[in-house]
Amino acid sequence: MNIKYIISYSGLIPFFYLIIDGYFLGYLNLKFINDLAIFMSCIIFTFIGAYNWDFRKDNIYLEIYGFLPSLFSMIVLFLNLIEYNQVLIFNLLIILFLIQLSIDLFLSLKNYFPIDYFIKLRIPITSSLSLSLLFISKL
């Protein structure tokens, strides 16, 4: 098994713990759970965008596409800092992840990205992450 798959899937463990704690254990403060989920989501969202910089360096549109998650993450973090409605922030993050997944599917079908990466990594992780954010937003 490739190490990037292990590292990528292990990134979901904190989200699963936040869900378990929020619904069953109750050790962590709800505000802390929400903030941590938003911060970790922005890191993952930015990392996925930066990962896309490595493909097809001759295409400026892919470079811009790789940069946009950093910009959107900064906006999400700013909204969280000014204490904007966190349920709306979670919904925004889920929408951003699904848009990113859709664009990556399109680029994978156009042979810009490896389809194997998309099927084994992006679909399961983005789906799990989106569901986790949905569950956390309902706490």
Side-chain angles (χ1 to χ4, degrees):
M1 180 156 225
N2 196 328
I3 191 76
K4 71 179 170 186
Y5 294 117
I6 294 170
I7 292 171
S8 296
Y9 280 101
S10 66
L12 294 172
I13 294 171
F15 291 96
F16 296 148
Y17 177 76
L18 292 177
I19 292 170
I20 291 168
D21 187 86
Y23 282 99
F24 304 110
L25 303 177
Y27 293 128
L28 300 175
N29 181 327
L30 181 60
K31 173 97 170 97
F32 178 78
I33 290 173
N34 288 342
D35 285 344
L36 190 59
I38 289 169
F39 296 152
M40 290 187 311
S41 297
C42 286
I43 290 170
I44 292 170
F45 188 64
T46 302
F47 177 77
I48 293 169
Y51 184 76
N52 294 335
W53 286 356
D54 201 24
F55 298 110
R56 303 280 306 248
K57 295 177 183 175
D58 59 334
N59 191 330
I60 188 70
Y61 297 113
L62 285 179
E63 295 291 328
I64 293 170
Y65 172 65
F67 163 75
L68 286 177
S70 300
L71 178 65
F72 292 139
S73 291
M74 186 180 69
I75 293 168
V76 167
L77 292 174
F78 178 75
L79 291 173
N80 193 49
L81 285 174
I82 63 170
E83 297 184 1
Y84 194 73
N85 185 338
Q86 285 189 323
V87 173
L88 293 177
I89 293 174
F90 280 112
N91 290 337
L92 176 62
L93 281 168
I94 292 168
I95 289 168
L96 288 172
F97 274 115
L98 295 177
I99 289 171
Q100 188 180 46
L101 183 69
S102 300
I103 293 171
D104 283 356
L105 172 62
F106 175 76
L107 293 172
S108 294
L109 293 174
K110 292 283 189 177
N111 293 324
Y112 285 106
F113 300 158
I115 194 74
D116 193 41
Y117 148 79
F118 186 80
I119 293 172
K120 290 182 181 177
L121 213 66
R122 285 305 315 279
I123 293 175
I125 291 178
T126 301
S127 302
S128 300
L129 183 57
S130 296
L131 283 173
S132 297
L133 291 174
L134 185 64
F135 283 125
I136 292 171
S137 73
K138 301 296 181 191
L139 289 173

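Position 1 is the first residue of the sequence; numbering continues from there. No hydrogens, no waters, no symmetry mates; every other heavy atom, side chains included, goes into these values. Here the structure is a predicted model, which means the values were calculated and not measured.
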Enquirer: So, do V76 and F45 sit near enough that their side-chain heavy atoms are less than 4.5 Å apart?
Expert: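 SC-SC contact between V76 and F45 ruled out.
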Enquirer: Could you please spell out the steps behind the side chain to side chain contact (heavy atoms under 4.5 Å, CB included) verdict for I99 and I103?
Expert: CA-CA 6 Å; I99 289 171; I103 293 171; 3.8 Å; yes
Enquirer: Tell me whether F90 shares a hydrophobic cluster with I43, the cluster being built from Ile, Leu, Val, Met, Phe, Trp, Tyr side chains joined at under 4.5 Å.
Expert: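 No, it is not one cluster - the side chains of F90 and I43 are not joined through contacts under 4.5 Å.
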Enquirer: Looking at CZ of R122 and CG of L129, how far apart are the two atoms once the value is rounded to the nearest 0.5 Å?
Expert: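 If I round to the nearest 0.5 Å, the distance is 9.5 Å.
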Enquirer: Count I, L, V, M, F, W, Y as connected when their side-chain heavy atoms are under 4.5 Å apart, and connections chain through other members. Are L81 and L30 then in the same cluster?
Expert: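 No, because L81 and L30 fall into different hydrophobic clusters, even though each may have its own neighbours under 4.5 Å.
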Enquirer: At what distance, to the nearest 0.5 angstrom, does CG of L133 lie from CG of L92?
Expert: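 The distance works out to 11.0 Å.
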Enquirer: Heavy-atom distance under 4.5 Å between the side chains of T46 and F72, does that happen here?
Expert: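 The answer is no, as the side chains (C-beta and beyond) never meet within the 4.5 Å cut-off.
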Enquirer: Please name the pair of heavy atoms, one in I19 and one in S132, separated by the smallest distance, quoted to 0.1 Å.
Expert: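 It is CD1-CA, 3.6 Å.
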Enquirer: In Å, rounded to the nearest 0.5 Å, how long is the span from CD1 of I75 to OG of S70?
Expert: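 One finds 11.0 Å between CD1 of I75 and OG of S70.
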Enquirer: Decide whether Y65 and I95 are clustered together by the hydrophobic rule: side chain heavy atoms of Ile, Leu, Val, Met, Phe, Trp, Tyr closer than 4.5 Å, transitively.
Expert: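 Shared cluster, yes.
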Enquirer: Contact between L18 and F135 at the side-chain level, heavy atoms closer than 4.5 Å - yes or no?
Expert: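 The answer is no, as the side chains (C-beta and beyond) never meet within the 4.5 Å cut-off.
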Enquirer: Verify, without hydrogens or angle tests, whether Y23 (side chain) and I136 (backbone) share a donor-acceptor contact under 3.5 angstrom.
Expert: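 Flag not set: sc Y23 to bb I136 has no pair under 3.5 Å.
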Enquirer: Could you see if L71 belongs to whatever hydrophobic cluster contains Y61? Use Ile, Leu, Val, Met, Phe, Trp, Tyr and a side-chain cutoff under 4.5 Å.
Expert: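 Yes, it is one cluster - the side chains of L71 and Y61 are joined through contacts under 4.5 Å.
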Enquirer: Measure the spacing between CD1 of I44 and CZ of F97 and express it to the nearest 0.5 Å.
Expert: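 I44 atom CD1 to F97 atom CZ measures 5.5 Å (nearest 0.5 Å).
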Enquirer: Would you confirm whether S10, through its side chain, and I7, through its main-chain N or O, come within 3.5 Å as a donor-acceptor pair?
Expert: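 Yes.
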Enquirer: On a heavy-atom basis, which atom in G49 and which in P69 lie closest, and how many Å separate them?
Expert: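 Reported closest heavy-atom pair: CA-CG, 3.6 Å.
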Enquirer: CG of L28 to CD1 of I33: how many Å apart, nearest 0.5 Å?
Expert: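 One gets 5.0 Å once the value is rounded to the nearest 0.5 Å.
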Enquirer: What's the shortest heavy-atom distance between S108 and I115, and which atoms?
Expert: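 Looks like CB-CD1, 3.6 Å.
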Enquirer: Any non-hydrogen side-chain atom of L134 less than 4.5 Å from a side-chain atom of S137?
Expert: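 With C-beta onward as the side chain, the pair touches.
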Enquirer: For C42, is there any backbone N or O sitting under 3.5 Å from a side-chain donor or acceptor partner on S73?
Expert: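 A pair under 3.5 Å: yes.
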Enquirer: L25, L36: one ILVMFWY side-chain cluster at the under-4.5 Å cut-off?
Expert: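 Shared cluster, yes.
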Enquirer: So, the side chain of S128 versus the backbone of I125: is there a donor-acceptor pair under 3.5 Å, distance only?
Expert: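 Checking the backbone N and O of I125 against the side chain of S128, no donor-acceptor pair under 3.5 Å is found.
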Enquirer: Are any non-hydrogen side-chain atoms of Y27 and I20 less than 4.5 angstrom apart?
Expert: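 No, every pair of side-chain atoms sits at 4.5 Å or beyond.
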Enquirer: Which value, rounded to the nearest 0.5 Å, describes the distance between M74 atom CE and L79 atom CG?
Expert: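 Nearest 0.5 Å value for the CE-CG distance: 10.5 Å.
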Enquirer: Is any side-chain heavy atom of P124 closer than 4.5 Å to one of Y9?
Expert: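 They are in side-chain contact.
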